[in-house]
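Hydrogens, waters and symmetry mates are skipped; everything else that's a heavy atom, side chains included, is used. All residue numbers in this chain count up from 1 along the given sequence. Everything numeric here is computed off the predicted structure, so don't read it as measured data.
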Amino acid sequence: QVQLVESGGGLVQAGGSLRLSCTASGIFRIKTMAWYRQAPGNEREFVAQINSFDSRNYADSVKGRFTISRDGAKNTVYLQMNSLKPEDSAVYHCHVLAYYLAEDVINEIVENYWGQGTQVTVSS
């Protein structure tokens, strides 16, 4: 069974930092890992993404403040969040594109999985 376990959320003051982590299990191989966030009343938005070649993409709103990284041996992705702002407050969800079975790599069958989310609250 595929599981994504997230941690690292919490309450911080504006200007503070948090580090989120997400560990995936039960899959054969990860293609990409990413972070999305959703605040109450808002649509879910893309935050950052990293692939197996360490190519990274960031939303314009977090460039220069957030850094995404990964540990391939641990199937874990991290999101270092610095200079946090109140508008960063949201539930942050880990997202993974992965091959569930070895044969899925050959057949290019990619599945997407979502974590349950971790709350980040930034006070002014």
Side-chain angles (χ1 to χ4, degrees):
Q1 183 176 355
V2 176
Q3 291 186 344
L4 301 182
V5 180
E6 302 142 314
S7 64
L11 173 64
V12 298
Q13 293 184 328
S17 298
L18 286 173
R19 193 189 195 203
L20 308 183
S21 65
C22 171
T23 299
S25 62
I27 59 177
F28 177 74
R29 184 179 298 174
I30 293 173
K31 187 174 183 178
T32 65
M33 303 185 81
W35 289 97
Y36 290 76
R37 66 187 183 187
Q38 187 169 23
N42 293 347
E43 296 181 347
R44 183 173 58 196
E45 65 174 340
F46 168 80
V47 177
Q49 184 181 60
I50 188 169
N51 66 15
S52 59
F53 298 99
D54 285 338
S55 178
R56 298 170 171 85
N57 289 300
Y58 297 94
D60 288 341
S61 60
V62 306
K63 286 182 179 178
R65 299 188 298 119
F66 291 9
T67 302
I68 189 169
S69 61
R70 69 180 184 91
D71 185 334
K74 297 180 179 179
N75 284 339
T76 298
V77 63
Y78 305 94
L79 185 67
Q80 179 66 47
M81 305 185 294
N82 298 326
S83 301
L84 284 163
K85 305 174 181 179
E87 51 262 45
D88 293 319
S89 297
V91 176
Y92 283 70
H93 293 269
C94 178
H95 176 258
V96 174
L97 291 176
Y99 305 98
Y100 179 66
L101 301 172
E103 60 187 341
D104 292 339
V105 178
I106 303 300
N107 295 321
E108 275 294 314
I109 300 175
V110 181
E111 302 289 343
N112 70 115
Y113 306 95
W114 291 94
Q116 294 299 307
T118 183
Q119 177 70 50
V120 172
T121 303
V122 184
S123 62
S124 60

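When all heavy atoms of Leu101 and Phe28 are compared, the closest pair comes out as C-CB, 3.9 Å. Nearest heavy atoms, Pro86 versus Ala14: CD-CB, 4.2 Å. When every heavy atom of Ile27 is checked against every heavy atom of Ala98, the shortest pair comes out as CD1-CB, 3.6 Å. Of all the heavy atoms in Gly8 and Leu18, the pair that sits closest is O-CD2, 3.8 Å.
Remark: Thr32 pairs with no residue by the side chain to side chain donor-acceptor pair (under 3.5 Å) rule, at least two apart or across chains. With sequence neighbours excluded, the residues satisfying side-chain contact (heavy atoms from CB on, under 4.5 Å) with Thr67 are Tyr58, Gln80. Taking Arg56 as the reference, nothing meets the side chain to side chain donor-acceptor pair (under 3.5 Å) condition, with sequence neighbours excluded. Judged as a ring-ring contact (aromatic ring centres under 6.0 Å, His included), and not counting sequence neighbours, the contacts of His95 are Tyr36, Trp114. Residues meeting the side chain to side chain donor-acceptor pair (under 3.5 Å) test with Asn51, sequence neighbours left out: none. Legend: residues meeting side-chain contact (heavy atoms from CB on, under 4.5 Å) with Asn107, ordered by chain and number and at least two apart, are Glu103, Ile109. Residues forming a side-chain contact (heavy atoms from CB on, under 4.5 Å) with Val91 (at least two apart in sequence, or on another chain): His93, Gln119. Every side chain to side chain donor-acceptor pair (under 3.5 Å) that Tyr99 has, sequence neighbours left out, goes to Glu108.
By the neighbour-count criterion of 12 heavy atoms within 6.0 Å, atom CD of Gln116 is sparsely surrounded, having that number or fewer from other residues, nucleotides or ligands. The number of heavy atoms from other shown groups lying within 6.0 Å of CZ (Arg29) does not exceed 12. For Tyr100, the OH atom counts as loosely surrounded, since its 6.0 Å shell holds 12 or fewer non-hydrogen atoms of other residues, nucleotides or ligands.
No donor-acceptor pair under 3.5 Å is formed between the side chain of Ser21 and the backbone N or O of Tyr78.
Among pairs with a residue in residues 36-93, none fulfils disulfide bond (SG atoms under 2.5 Å apart), at least two apart in sequence or across chains. For the disulfide bond (SG atoms under 2.5 Å apart) condition, the pairs that include at least one residue of residues 85-124, sequence neighbours left out, are Cys22-Cys94.
In the hydrophobic clustering (ILVMFWY side chains linked at under 4.5 Å, chained through shared members), Val5 stands by itself.
Residues Thr118 and Tyr92 have side chains in contact (heavy-atom distance under 4.5 Å, counting atoms from C-beta outward). In this structure, the side chains of Asp88 and Met81 stay at 4.5 Å or more apart for every pair of heavy atoms. Looking at Val77 and Ile30, their side chains never come closer than 4.5 Å, going by heavy atoms from C-beta outward. Between Arg70 and Asp54, some side-chain heavy-atom pair lies under the 4.5 Å cut-off.
Hydrophobic clustering (side-chain heavy atoms under 4.5 Å, transitive across Ile, Leu, Val, Met, Phe, Trp, Tyr) groups Leu79 together with Val12.
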Please set out all donor-acceptor pairs under 3.5 angstrom arising from side-chain atoms of residues 41-50, sequence neighbours excluded.
from: Glu45; atom 1: OE2; to: Arg37; atom 2: NE; distance (Å): 2.6
from: Glu45; atom 1: OE2; to: Arg37; atom 2: NH2; distance (Å): 3.3

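Side-chain contact check for Thr76 and Thr23: at least one donor-acceptor pair (N or O, by modelled atom type) lies under 3.5 Å.
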